[in-house]
Protein chains: 2
Amino acid sequence: MNFQQLRIVRETVRRHFNLTEVANELYTAQSGVSKHLKDLEDELGVELFVRRGKRLLGLTEPGKQLLPIVERILLDTQNIKRLSEQFSQQDTGHLALATTHTQARYVLPVVVTRFKQTFPKVHLELRQCGPTEIVTLLRAGQVDIGIATEAVGGEADLVTFPFYQWQHALIVPDDHPLIDVQPLTLEVIADYPLITYHHGYTGRSRIDAAFARAGLTPDVVMSALDADVIKAYVELGLGVGIIAAPAYHPARDAGLRLLDAPSLFEINTTYLALRRGHYLRDYALRFITDCVPALSVEQIKAAVFPKVAIA
Amino acid sequence: MNFQQLRIVRETVRRHFNLTEVANELYTAQSGVSKHLKDLEDELGVELFVRRGKRLLGLTEPGKQLLPIVERILLDTQNIKRLSEQFSQQDTGHLALATTHTQARYVLPVVVTRFKQTFPKVHLELRQCGPTEIVTLLRAGQVDIGIATEAVGGEADLVTFPFYQWQHALIVPDDHPLIDVQPLTLEVIADYPLITYHHGYTGRSRIDAAFARAGLTPDVVMSALDADVIKAYVELGLGVGIIAAPAYHPARDAGLRLLDAPSLFEINTTYLALRRGHYLRDYALRFITDCVPALSVEQIKAAVFPKVAIA
DNA sequence: GATGCTTACGATACCCGTAAAGATA
DNA sequence: TATCTTTACGGGTATCGTAAGCATC
């Protein structure tokens, strides 16, 4: 048994049992992949994969039980690497974040700027993607920190910390009749064509819930992944936009007006998400405490490495 | 990085940084051990060991932080082996117990007999040793289950379950004057020369505590590791024995009488101890539930693999 | 001087990649 | 037929053990 075999096992599951893809992903020959799997099964004396003819279809029962152990070992090898880099190259290294457009574009710039001043030699990788993909990237160990409003809660293998809170607000052209309406109600809004986020993005579910609770069916004529796109179409007069309030900048968004609606929609909380057991460099911990000053490094470590260090 | 290097790191710490011993323990050449350590340090870019000249003296800070991760990885490799044996050879295998003389001699025979009938093909290894050594063996993964009254409580990396309760009692030759004394008190007993267990064995601390609480200083003329030795000297008339009550068999111990003293000494609890994160074969779980029928397999697993499966 | 660590060196075994053949969709 | 997996084979590398050279105690 060696690490390469374990990497192949993990990658085989991730790539849905296509050994050719596995080989490409691991930069090795496909024949070796095949042999490694067979060797491992021989050594353990157990079939790990369900086969039909020559094709792999899935995991056997022992394979299923083996997988989490394999993943933990590989996680620990990464931890060893990060741990030694922590000592060998204090403040240089790599920090990978996965986050949604809203955070990347409107919230993180301040934090990132400060971080880059403190750790100029840390390469910062900002991966922008959807909430569910953030979870995937965290699980795969491809990013250190995830930042999202949706999908990261309630996952047993992730740890989350509240980052900041925000609400949805309306955005309209600055000559729009809604500007003079007081008070703004869901009923009034529902009379206009609406433009807002896709399902699963930036609290869309909260918007739908608010209308549903009021017994209204809003006329969402367009949905987009990010506020910039929404703004563009609001500017064209295609409808009233509903975006995250932090996504509005008075200076940059000339010609548009933000209409706060504090009571209409639920408060959203954006979270920092970490993978349990994923070792974090000092600068990664610092990034987190920069975001949430109320947190201490010890609290973070205690949450990421629960209780006993398991072993 | 490979598994052999990690094994060498672990063993180097265990063998107090004597690489020659490490090589013997791992059945390999000492030169390779030396090279492996150097290679690993080179690969990680960190010195893991403190050296003076050619001698290794201890772990550096990064080495200290690395060690628990290394141990967890090696624990998981054992878990992989056990897990696959679980499937490849259902009811055959190896079960290693570490226990003290009292349990091995007087308590376990019943359980072991039943176990052997159920799992005739499982090789049962019964290692008899002192309480502190039981903890060491559990930690080293050399035994699956520890059974002891002392030393196993309060260790964060161990899980314990109460096995059974017992009390100390007096043992005397069957013509001894104490047989007719009613009620037995510590004061009365303290007038006789006593023979009992060594410190750290079979609840000796409870015996001392009982006399201390009563303001008495008993005259312990001999101490031994096990009840059989104590009995032998009681038989010779050298004193009154204090042994664990389960260690007395009326038939086998002809010529001796057990005098119960329910109120004199505290109740002792003997525990089953397991190492957290140590995978247990089905038959090992069965052994435990045989000992403690109130326990379910799920409860045991939940305690050994806490919360999230970490990974 | 005895013990313990490192380095050098040769044999072995392991791992990888190419290529051909067989199976599957 | 195109894709995918297995098997066979050769080259390269890593690992291991022996032996010699040094450092430490």
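The analysis underlying the following values was restricted to heavy atoms, covering all of them including side chains, and did not include hydrogens, waters or symmetry mates. So that the names make sense, note that chain A is the first sequence line, chain B the second, and so on, each numbered from 1.
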Whether the B:Asn79 and B:His278 side chains hold a donor-acceptor pair (N or O, under 3.5 Å, no angle test) is what I'd like checked.
no
Rounded to whole Å, the OH-P distance (A:Tyr27 to C:dG17) equals 13 Å
Between C:dC14 atom C1' and A:His36 atom NE2, what is the distance in whole Å?
9 Å
Atom of B:Ile147, atom of B:Ile134 and distance for their closest heavy-atom approach
O-CD1, 3.5 Å
Below 4.0 Å from chain B heavy atoms, what is the first contacting nucleotide of DNA chain D and what is the last?
D:dT15 to D:dC25
Nearest to the side chain of B:Ser31 - C:dG4, C:dC15, C:dT7?
C:dT7
What is the per-nucleotide protein-contact pattern of nucleotides 20-25 of chain C, from the 5' end, where B denotes a base atom under 4.0 Å from a protein heavy atom, S denotes such proximity for sugar-phosphate atoms only, and - denotes neither?
--BSBS
Summary of ring-ring contact (aromatic ring centres under 6.0 Å, His included) pairs that have at least one residue in residues 56-95 of chain A, sequence neighbours excluded
A:His94-A:His123
Check each of B:Arg275, B:Arg72, B:Arg139 against B:Asp157 using the salt bridge (Lys or Arg N to Asp or Glu O under 4.0 Å) test, and report the only one that passes.
B:Arg139
Between B:Arg286 and B:Asp282, is the salt bridge (Lys or Arg N to Asp or Glu O under 4.0 Å) condition met? List the steps.
CA-CA 6 Å; B:Arg286 177 64 173 277; B:Asp282 278 354; over 6 Å; no
Checking A:Arg15 now: which residues fulfil side chain to side chain contact (heavy atoms under 4.5 Å, CB included) with it, not counting sequence neighbours?
A:Glu11, A:Glu21, A:Val22, A:Glu25
Qualifying residues under side chain to side chain contact (heavy atoms under 4.5 Å, CB included), relative to A:His16, sequence neighbours excluded
none
Regarding B:Phe49, tell me which of base, sugar-phosphate or nothing describes its non-hydrogen contacts under 4.0 Å with the strands shown.
nothing
Contact class for B:Lys35 vs. all strands (heavy atom < 4.0 Å): base, sugar-phosphate, or nothing?
nothing
Could you tell me, to 10°, how much the axis swings from one end of the helix from C:dG1-D:dC25 to C:dA25-D:dT1 to the other, five pairs per end?
40°
Whether A:Tyr201 and A:His198 hold their rings parallel, tilted or perpendicular, with breakpoints at 30° and 60°
perpendicular
Would you say the side-chain atoms of B:Asp91 pair up with the backbone N or O of B:Phe119, donor to acceptor, closer than 3.5 Å?
no
For B:Lys121, does the NZ atom sit with more than 12 other heavy atoms under 6.0 Å from it, leaving out its own atoms?
no
Hey, does B:Gln30 reach any base, or is it just sugar-phosphate, or nothing, if we go heavy atoms under 4.0 Å?
base
Look up atom CD1 in A:Ile300 and atom CD in A:Glu298, then write down how far apart they are to the nearest 0.5 Å.
9.0 Å
